[in-house]
Amino acid sequence: MLDGKTIILGIESSCDDTSAAVLSDGWLLSNVMASQEVHRKYGGVIPELASRAHQQNILPVVSQAIDQAGITLDDVDAIAFTRGPGLLGSLLVGTSFAKGLSLSINKPLVEVNHLQGHILSHFIKVEGRDNRAPQFPFLALLVSGGHTQIVRVDDYLKFEILGSTIDDAVGEAFDKCAKMLDLGYPGGPVIDRLAKEGDSSRFRFAKPNIPGLDYSFSGIKTSLLYFLRDSLKEDPEFIEKNKADLCASFQKDLIDILMKKLVRATKETGIREIVAGGGVSANSGLRNAITAEGQKRGWQTYLPELRFTTDNAAMIAIVGWYKFQQGLTCPLDAAPISRAAEYTL
Ligand code: KG4
Ligand code: ZN
């Protein structure tokens, strides 16, 4: 407790970013992140290397978050940590660290579902910003490297998944496309940048035909693969010559797929408060599409600040704050839950 305010320390280590953040009654005091460059040369996250890097980063990252917040460990009221979903070895580092700290400073632990973090990142309050937050109920388009979902949110801790991908996540589709075009990892940001210089109407790829509000992204990925294979037979420099148009066209198709089901969800539920979250919500094409569709259809739309789109501990701390206010602390034997299907929202 500091000046009568509740202080939450958040810890995030579910994939390849180590992060710690401090919130005071929901206001951001610090949010420190260490990204892991080591995976870049392998073209994807290597779980063993990720957990080793988390071990190296976690202590300095937490210390910096405490220092930058201008507090001491004594001021912390609760420690919120990502329990899952994510890579088991990565989750273990953050979970074990949070437990050790909880024991040593004698403060309670709050377990947090990473996906709730992406959704509630809209409630983090930042000094000097308008801090406009969505009203309940709202629909969240959750788009990341591991997940693609439409979630109905009725209260801070009341979630219902209306639709999910049945195969790949949209972030994976971005990353795999980037790999085929030899653009490096993670590919999403590179495709986003190149797409701005390209013609998005040049090429079309196979769209999924999935019932309800579910998504599928494996077909469009295969469609791109075959298209590139055939085109390269005719012209070995096809990719080089058409890179920007390929990125713009593929990105447009992914956005169209995402938006079609989102529009459908708003019609089925009658909800017009729309938020986006997760790494792919940094995509400028998707952000423009949500804003434009919102203006056309009378939605209130909320896009996260870019630093809150990718994995960060501030979003873990905000969920921690809402849970802590309701007395939802957890025991020291809470083990990581790697699979999303086993960790209900
Ligand atoms: O939420 P996140 O940091 O990690 C997971 O929980 O998965 O999301 C990472 C994903 C990666 O697939 C990355 O390529 C994608 O987000 N991403 C983007 C952009 N920035 C990150 N995809 C498209 N456009 C971007 N600007
Ligand atoms: Zn994430």
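Each ligand, and each atom within it, is numbered from 1 in the order the structure gives.
Remark: ligand 1 atoms within the under-4.0 Å shell around heavy atoms of G146 are 7 (O). Below 4.0 Å from some heavy atom of T310 lie the following atoms of ligand 1, by number and element: 3 (O). Close contacts between ligand 1 and H118 involve ligand atoms 1 (O), 6 (O) [criterion: under 4.0 Å to a heavy atom]. Residue contact check: G279 has heavy atoms under 4.0 Å from atoms 1 (O), 2 (P), 8 (O), 16 (O), 17 (N), 18 (C), 19 (C), 20 (N), 21 (C) of ligand 1. Within the listing of ligand 1, atoms 5 (C), 7 (O), 8 (O), 9 (C), 10 (C), 12 (O) sit less than 4.0 angstrom from a heavy atom of G145. Below 4.0 Å from some heavy atom of G171 lie the following atoms of ligand 1, by number and element: 12 (O).
With hydrogens left out, the protein atom closest to atom 15 (C) of ligand 1 is V280 CG2, 3.9 Å, a heavy atom. Counting only heavy atoms of the protein, atom 24 (N) of ligand 1 lies nearest to N283 ND2, 3.0 Å. In terms of protein heavy atoms, atom 26 (N) of ligand 1 is closest to D192 OD2, 2.9 Å. Nearest non-hydrogen protein atom to atom 22 (N) of ligand 1 is G188 CA, 3.3 Å.
Using a cut-off of 4.0 Å between Lys/Arg side-chain N and Asp/Glu carboxylate O, K179 and D175 are scored as not salt-bridged.
Under 2.8 Å from the Zn ion (ligand 2) lies an N/O/S atom of H114, whether from backbone or side chain.
Here D175 has side-chain heavy atoms under 4.0 Å from ligand 1, and that is the only part of it that gets that close.
Ring-centre distance between Y156 and F123: below the 6.0 Å cut-off. Residues F136 and F138 bring their aromatic ring centres within 6.0 Å.
Here the side chain of R272 pairs a donor or acceptor atom with the backbone of R297 at under 3.5 angstrom.
When the shell of 6.0 Å around CZ of R307 is examined, it contains more than 12 heavy atoms from other residues, nucleotides or ligands.
Residue D311 places at least one N or O, backbone or side chain, under 3.5 Å from an N or O of ligand 1. Polar contact with ligand 1: absent for E172 (N/O pair, distance under 3.5 Å).
One finds an angle of 100° at the Zn ion (ligand 2) between NE2 on H118 and OD1 on D311, to the nearest 10 degrees.
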Please step through side-chain contact (heavy atoms from CB on, under 4.5 Å) for the pair Y215 and V170, ending with a clear verdict. CA-CA 9 Å; Y215 286 114; V170 65; over 6 Å; no
Between F324 and T329, is a side-chain contact (heavy atoms from CB on, under 4.5 Å) present by the stated rule, with each step listed? CA-CA 6 Å; F324 185 61; T329 56; 4.0 Å; yes
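Here the options are N131, V126, I124, the test is side-chain contact (heavy atoms from CB on, under 4.5 Å), and the partner is W27; only N131 passes.
Heavy-atom distances between H114 and ligand 1 reach below 4.0 Å in at least one pair.
D311 is not listed as a side-chain neighbour of S19, based on a closest heavy-atom distance of 4.5 Å or more.
P134 and E273 get closest at one heavy-atom pair: CA-OE1, 3.6 Å.
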